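Beneath this line is the structure, given in structure tokens, with notes to follow.
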Amino acid sequence: MPRICQVNLFQAVLLDHGIAEFRHGGVLATMTVAEAVIDSPGHGGSDALRKLIDLKDCADALVEILDALDIDKCVLVGNSWGGMLAGVFPAYHPRRTAAAIGINCTASLPTTFESIWASALATFLSLHAKMPPLAAKAARAAFAGPTAEATNPEFVEFTTSFVPRDDPKSVAWALGSILIGRKDEHRRLNTITNVPVLIIAGEEDSQFPVHAVRKMADAIEGSTFRVLQHTAHLAARENPEAVNTEIDTFLASLPAAA
């Protein structure tokens, strides 16, 4: 089961994967909203992941959380896996979505390169009970862009410091589910109407390049698309000021009913 690690019930904003773990300086810090912060399956305090899951499973799990918290509608914010979920959640559950914000996410099939390296990494991690040192090196290569490497040593150190806390077998199942096994979701995104959606790309994201994130945004009717300069994959942790500004501006533009 996903773990909810912080809940305040005034106006519901759910911070999912990639935001819950890596927010820094306070996502939504200037907004007078309350947050429910969620650890995705296999991460943080949630149960270990020992099977393949898909975005529909994740969307249904979020509905269970909303029901348990007696929340009718939410604003869903996520990065990477969480951003993919933020994209499809309004398609699966439009009546439960006030707005959605996806950061550094994609609706495309994995590339051949992604499939090869993610499969190799998943196989390697599945053989370990504790996170091997090589995983930290892989995380730095995936998450620290050239600007961070040149100017932000604290963030670069962070990209390796959180990895030992993760369960390697859970990460292996997550890689198989969300990276290797993901589906093309563009047609599903085409069905979203009358739900405000913000999609943000990091200029230096090596995982999901700007053109892939833009394609996801283009599939959602009326969506807003923004690019953060000098920012890589973990945008909310690397560049919280810019992320906060984009989110605050987007939420402030929503009708009061949202």
Side-chain angles (χ1 to χ4, degrees), residues 13-31 33 35 37-38 40 55 58-59 62 74-91 97-108 114 142-148 152 155 158-159 178-179 182 185-186 188-190 192 195-254 258:
V13 177
L14 268 62
L15 304 182
D16 198 14
H17 184 87
I19 299 294
E21 299 94 328
F22 306 131
R23 63 193 187 130
H24 183 63
V27 174
L28 311 178
T30 64
M31 296 297 292
V33 298
E35 306 168 1
V37 184
I38 301 168
S40 293
L55 292 176
C58 297
L62 282 184
C74 72
V75 177
L76 179 59
V77 186
N79 190 102
S80 190
W81 174 5
M84 297 180 210
L85 178 55
V88 302
F89 189 74
T97 315
I101 301 167
I103 307 169
N104 286 332
C105 44
T106 183
S108 299
E114 270 186 291
F143 300 146
T147 297
N152 195 343
F155 173 75
F158 169 79
T159 63
I178 304 303
L179 274 184
R182 72 175 186 264
E185 300 285 358
H186 291 99
R188 193 177 312 280
L189 298 180
N190 289 157
I192 298 172
V195 176
V197 177
L198 169 64
I199 301 295
I200 300 174
E203 177 194 27
E204 297 180 0
D205 185 6
S206 63
Q207 303 305 294
F208 304 131
V210 172
H211 68 83
V213 185
R214 187 190 305 273
K215 183 178 180 181
M216 179 178 179
D218 288 344
I220 303 172
E221 180 182 319
S223 69
T224 300
F225 179 67
R226 295 287 185 266
V227 178
L228 301 183
Q229 303 299 314
H230 313 299
T231 304
H233 192 64
L234 301 182
R237 181 60 173 78
E238 179 184 359
N239 195 355
E241 294 83 4
V243 170
N244 287 341
T245 296
E246 294 294 350
I247 293 177
D248 289 351
T249 301
F250 173 70
L251 292 182
S253 72
L254 301 183

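Remember, predicted model here, so these are calculated numbers, not experimental data.
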Give the minimum heavy-atom separation between [X] and [Y], together with the two atoms involved.
X	Y	value
A59	L85	N-CD1, 3.6 Å
A99	L254	CB-CD1, 3.7 Å
P90	A100	CG-CB, 3.9 Å
G78	A86	N-CB, 4.4 Å
M84	T106	CG-O, 3.3 Å
S108	H186	OG-CE1, 3.2 Å

Check: Got a second to check how far T245's OG1 is from F250's CZ, nearest 0.5 Å?
Finding: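 Taking OG1 in T245 and CZ in F250, the distance rounds to 15.0 Å.
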
Margin query: What's the separation between atom CD1 in I103 and atom OG in S80, rounded to the nearest 0.5 Å?
Written below: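 Spacing of CD1 (I103) from OG (S80) equals 10.5 Å.
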
Note to self: Given 3.5 Å as the limit, does a donor-acceptor pair link the side chain of T231 with the main chain of Q229, or not?
What the structure shows: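 Between the backbone of Q229 and the side chain of T231 there is a qualifying donor-acceptor contact (under 3.5 Å).
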
Checklist line | Sidechain-backbone polar pair: N244 side chain, P240 backbone, donor-acceptor under 3.5 Å | finding: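 Side chain of N244 to backbone of P240, a donor-acceptor pair under 3.5 Å: yes, one is there.
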
Note to self: Is any side-chain heavy atom of L76 closer than 4.5 Å to one of T97?
What the structure shows: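 Answer no - side chains too far apart.
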
Item checked: Check: I38 and L62 side chains under 4.5 Å, non-hydrogen atoms ->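 Of all side-chain heavy-atom pairs linking I38 with L62, at least one is under 4.5 Å.
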
Next item on the list: Please say whether the positively charged group of R237, taken as NZ for Lys or CZ for Arg, lies over the ring of F155, i.e. under 6.0 angstrom from the six-membered ring centre and within 45 degrees of the axis.
Entry: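 No - R237 does not lie over the ring of F155 by the 6.0 Å and 45° rule.
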
Next item on the list: Kindly state each residue pair satisfying salt bridge (Lys or Arg N to Asp or Glu O under 4.0 Å) with at least one member in residues 223-234, sequence neighbours excluded.
Entry: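 Residue pairs with at least one partner in residues 223-234: R226-E246.
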
Extract all donor-acceptor atom pairs below 3.5 Å that involve side chains of residues 213-225 and protein atoms in other chains or at least two apart in sequence.
from : atom 1 : to   : atom 2 : distance (Å)
S223 : OG     : A217 : O      : 2.7
S223 : OG     : I220 : O      : 3.2

Next item on the list: Show the numbers, then the answer: is there a side chain to side chain contact (heavy atoms under 4.5 Å, CB included) between W81 and C58?
Entry: CA-CA 10 Å; W81 174 5; C58 297; 3.5 Å; yes

Side-chain donor-acceptor pairs of residues 195-212 under 3.5 Å, sequence neighbours excluded:
from : atom 1 : to   : atom 2 : distance (Å)
E203 : OE1    : H230 : N      : 2.7
E204 : OE1    : T147 : N      : 3.1
E204 : OE1    : T147 : OG1    : 3.4
E204 : OE2    : T147 : OG1    : 2.4
D205 : OD1    : Q207 : N      : 2.9
D205 : OD1    : H233 : ND1    : 3.0
D205 : OD2    : F208 : N      : 3.4
D205 : OD2    : H233 : ND1    : 3.0
S206 : OG     : A142 : O      : 3.3
Q207 : NE2    : A142 : O      : 3.4

